[in-house]
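Accompanying notes for the structure given below.
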4 protein chains.
Amino acid sequence: MKKTTLLINCPDKKGIIATVTNFILSKKGNTVYIEQHVDRELKEFFMRLECEFDQDEEKLARFKEAFNNNVAENYNMHWEMYDTEKKPKMAIFVSKYDHCLYDILSRHASGELKVKIPLIISNHNDLKPVAEAFHIPFKHIPVSKETKVEAEATQIALLKEHKIDFVVLARYMQILSSEFVNYFPHKIINIHHSFLPAFPGAKPYHSAYKRGVKIIGATSHYVTSDLDEGPIIEQEIVRVSHIHNVQDFILKGRDLEKIVLSRAIKHHIERKVLVYNNKTVIFS
Amino acid sequence: MKKTTLLINCPDKKGIIATVTNFILSKKGNTVYIEQHVDRELKEFFMRLECEFDQDEEKLARFKEAFNNNVAENYNMHWEMYDTEKKPKMAIFVSKYDHCLYDILSRHASGELKVKIPLIISNHNDLKPVAEAFHIPFKHIPVSKETKVEAEATQIALLKEHKIDFVVLARYMQILSSEFVNYFPHKIINIHHSFLPAFPGAKPYHSAYKRGVKIIGATSHYVTSDLDEGPIIEQEIVRVSHIHNVQDFILKGRDLEKIVLSRAIKHHIERKVLVYNNKTVIFS
Amino acid sequence: MKKTTLLINCPDKKGIIATVTNFILSKKGNTVYIEQHVDRELKEFFMRLECEFDQDEEKLARFKEAFNNNVAENYNMHWEMYDTEKKPKMAIFVSKYDHCLYDILSRHASGELKVKIPLIISNHNDLKPVAEAFHIPFKHIPVSKETKVEAEATQIALLKEHKIDFVVLARYMQILSSEFVNYFPHKIINIHHSFLPAFPGAKPYHSAYKRGVKIIGATSHYVTSDLDEGPIIEQEIVRVSHIHNVQDFILKGRDLEKIVLSRAIKHHIERKVLVYNNKTVIFS
Amino acid sequence: MKKTTLLINCPDKKGIIATVTNFILSKKGNTVYIEQHVDRELKEFFMRLECEFDQDEEKLARFKEAFNNNVAENYNMHWEMYDTEKKPKMAIFVSKYDHCLYDILSRHASGELKVKIPLIISNHNDLKPVAEAFHIPFKHIPVSKETKVEAEATQIALLKEHKIDFVVLARYMQILSSEFVNYFPHKIINIHHSFLPAFPGAKPYHSAYKRGVKIIGATSHYVTSDLDEGPIIEQEIVRVSHIHNVQDFILKGRDLEKIVLSRAIKHHIERKVLVYNNKTVIFS
């Protein structure tokens, strides 16, 4: 039995659930799990469906075609279908901070993150030993104002070459160009060290300290061409008080950053995220 | 259009979702929202479904009969069907602590809790003024070792007379007999002032203080004949430290108790709870 | 034995703790509890000290004078001294939302908030019954653009008449003038229904919903003439997801608002807050 | 200037703070930071004090002697004095789970944990590559029922040889003998994968799943000869629901375990923990 994950969104209409589950039944598939969300305000319907088929690749291709023609078009659906058991390919971009990288690689090593990591790209050489300790190929691509265009071209070529499905910016300290971002729409996951939209920009812990907040946070979001404005995937917070200085904020924040980023990566790997209207639906 | 909520659980089997949604479609109903859970270990299927019908009471009764004969029996379903917009009737039992009572009544007064409260029952007279301030009838039924059987008989008679759907023990300091509990299976909601199963019994804050825990909690659960062992509906916690004494634990715990209890009540009112195997499925 | 609370801040310098504790000892006082904070960056010292004296009012007045002349002036201290057991007088300002008011009044009724509440002031009449249920005098002072100056004059006169120590804005929906605010520096506590500085202004839950955040918050702060910019006393958060709409945010936010506001009130009542540099030191 | 940390506990008595701070002043020391706790019930006084001296080793030894004779004995103090800037030596015990080890070693590598790690001891060889990746010596000491006494003797000899100050059990799956434990009173930190005292013993996540709790936790505590009963240093929790199975509990628990353990280690390294009456005072 082949496990398949189906993600759908379309304008809300009567009978979608019955139509889709019946179609699957008619193709001798079994709907194992269904989860659904309706945005009443925007009248938009979202569904994530896990089903099983006793089919080979070829039949599945025919199924997709039939689904598209007989179901999806009628409902004006945006839809994606994935082989549930095929691990996606993830590239990690880093600079000098190592805590997120250690966290991701150790989760990967222990089997917690069901993903392939064909490559780590960095604008510095500092974290090469970490990559090597975990036996992941490491590419050093320096970036300066002058070389940025060229560097991004090299990066994109590498990502294509390795058939990368999505990119994780694990405290990568360069701003990606709109061109790069548009190459991977909703496929680049960033971790921002702030409880967005509070304290956007470069030094959130300093700003948070100055404002005297009692709680700090971290935010993982898809990168869009609007800096720090992309769809939020996950957030987490931790309490602080007057006894903590900026350095304490940074240390506490690190724990947030790695936890939040790895949760976001997991949601993405399990195809549990649908983006709509610059917001995310995260299925459970 | 009449809104109906359907709760189902049954052994997991192929085709349940399609069968149920098709049946509703065939009766000219519209499935508005569906949520589902499968316990893979126990192979049990759970579903909560909201649908709309353009039907009167009589037709709905026929729908129920048809559903039972044509669907439910085939799948060996346990099922419940509710008029989504009909407010259930809740009785509150209290003793002397007032924080949960104030919380429930003020949420009710502000329209947050969509429930009818025909009566408050207490073994003491202390909270009568609170009931009166919110214009809810208050019945004083003293309970002693000698009068317990009789007192419970009076309580049950009152609950029947007012057609009470479920009971909330808002820090009611008497243990209900098995007879009473069995009258209202999974219809009595209690708040226990501890993070169960830690510190069961009468003085959890004292025990927690003695053990030196760094976090305390509160637990809302359905009452069963096993004291403090019923299915857990909701829990919440708060941090404590060495600076807090038992009295501080009690004060912090009060805030937990009322929040946790009111969340549990809301889940129950919205028919979002299914009990199975002494655990709860809480639909979102 | 008379219990006294002493709050001090001054430029950090060698020997402050020994000097102060010795002075108290020399006056036959006993330092029961001391808590201290040093802002290393600003080189500012903060201390809260509880001590006991076997003294009458008159001797205490002489103690204060001696402390000022022999200790405070040498260290350039800002200091405040309170009779620990004297309950401060709090006025509550409300409009139409009742959840914070219910929460404060029920905590007061149960003895949890050790404060006197001589009066509730509102620009509407809606919450008069709530005030009456708790037997607190209620003053209706309507506010419009035209009458605002006059209304505030009436409010200030009332606060003076009742010797009010501090004011709580329990979802009071009017912006106080700078004149009013300057009358009560760091004596007006507000609750803002957002995790400040995110989503300042009037409709934070709507903004939070629109941005698609996964966590919402509430913030209690002292009111300054910069709207929503005053020193933060307390914050708390709750998780939300795509399944929650604006109305759900508002409901969840209510629970935050009342908890956060009551915690802030408690800190203030217990003289545990020192304001410095638009931030708060909250002693434990 | 030499920074020194002083930890004291003794029966509560008038004048302790003034006596100690004066003594330090009399020895030309400067009290930089003081924190204090009084257990009113047990009438026990606790204090942590950071001070600076312009002194060499020899003078410090004389200071200690004078402190003991002139201050400590009068108040019946238990006291400890540490060179604030000297890193303590920590040994890590592991078995097969790697998540806590990765977390500790990456925090150490990034400079967050100010501690020396002269050795990792394990009853299995599985994690040797992790130790090697971080360049920490790894000792494989197998333990079986028959060899346990001998193995512990080897372990103790190694710990002595490396002048280890404290031991961290990072999911070490062997129970230490009372003899071993008594060698290092309040110097062995364990992480238990449960919200103690709920679910003590070997399979807490399974028990938690079976009970249907809505929150799971992890607990770090000092090891005593009563299994899972030692003084709690830190706890943290995470929400779970019916959608999570035992495996999900375990994965979520891992994140708790590593965060909680590293927090406990940090408290210990910074000499912020005092143990009394099987509970901990954790200074901020």
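Here is the naming used below: chain letters follow the sequence lines, and residue numbers restart at 1 for every chain.
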Contacts satisfying salt bridge (Lys or Arg N to Asp or Glu O under 4.0 Å) that involve residues 265-274 of chain B (not counting sequence neighbours) are B:E112-B:K266, B:E270-B:K272

Name all pairs fulfilling the salt bridge (Lys or Arg N to Asp or Glu O under 4.0 Å) condition that reach into residues 75-84 of chain D, sequence neighbours left out, sorted by first residue then second.
D:K2-D:D83

Donor-acceptor pair, side chain of D:R239 and main chain of B:Q235, under 3.5 angstrom:
yes

Side-chain heavy atoms of B:I237 within contact of D:F195, under 4.5 Å
yes

Pairwise side-chain contact, B:K279 with D:Y209, heavy-atom cut-off 4.5 Å (strictly under):
yes

Using non-hydrogen atoms only, which part of D:N277 is less than 4.5 Å away from chain B: side chain, backbone, both, or neither?
neither

Structural part of D:T219 lying under 4.5 Å from a heavy atom of chain B:
neither

Looking only at D:S207, D:G217, D:G230, most heavy-atom pairs under 4.5 Å shared with chain B are made by D:G230

Specify which of D:E236, D:R211, D:K210 makes the most heavy-atom pairs with chain B at under 4.5 Å.
D:R211

Are more than 12 heavy atoms from other residues, nucleotides or ligands located less than 6.0 Å from atom [atom1] of [X]?
| X | atom1 | answer |
| --- | --- | --- |
| D:Y97 | OH | no |
| D:I175 | CD1 | no |
| B:Y82 | OH | yes |
| D:Y75 | OH | yes |

How far apart are the C-alpha atoms of D:K214 and B:I282, what are their side-chain angles, what is the distance that settles it, and do they pass the side-chain contact (heavy atoms from CB on, under 4.5 Å) test?
CA-CA 10 Å; D:K214 300 300 184 188; B:I282 313 277; 3.7 Å; yes

Counting heavy-atom pairs under 4.5 Å to chain D, which of B:N245, B:L196, B:I243, B:V213 comes out on top?
B:V213

What distance do D:I215 atom CD1 and B:I232 atom CD1 have between them, rounded to the nearest 0.5 Å?
9.5 Å

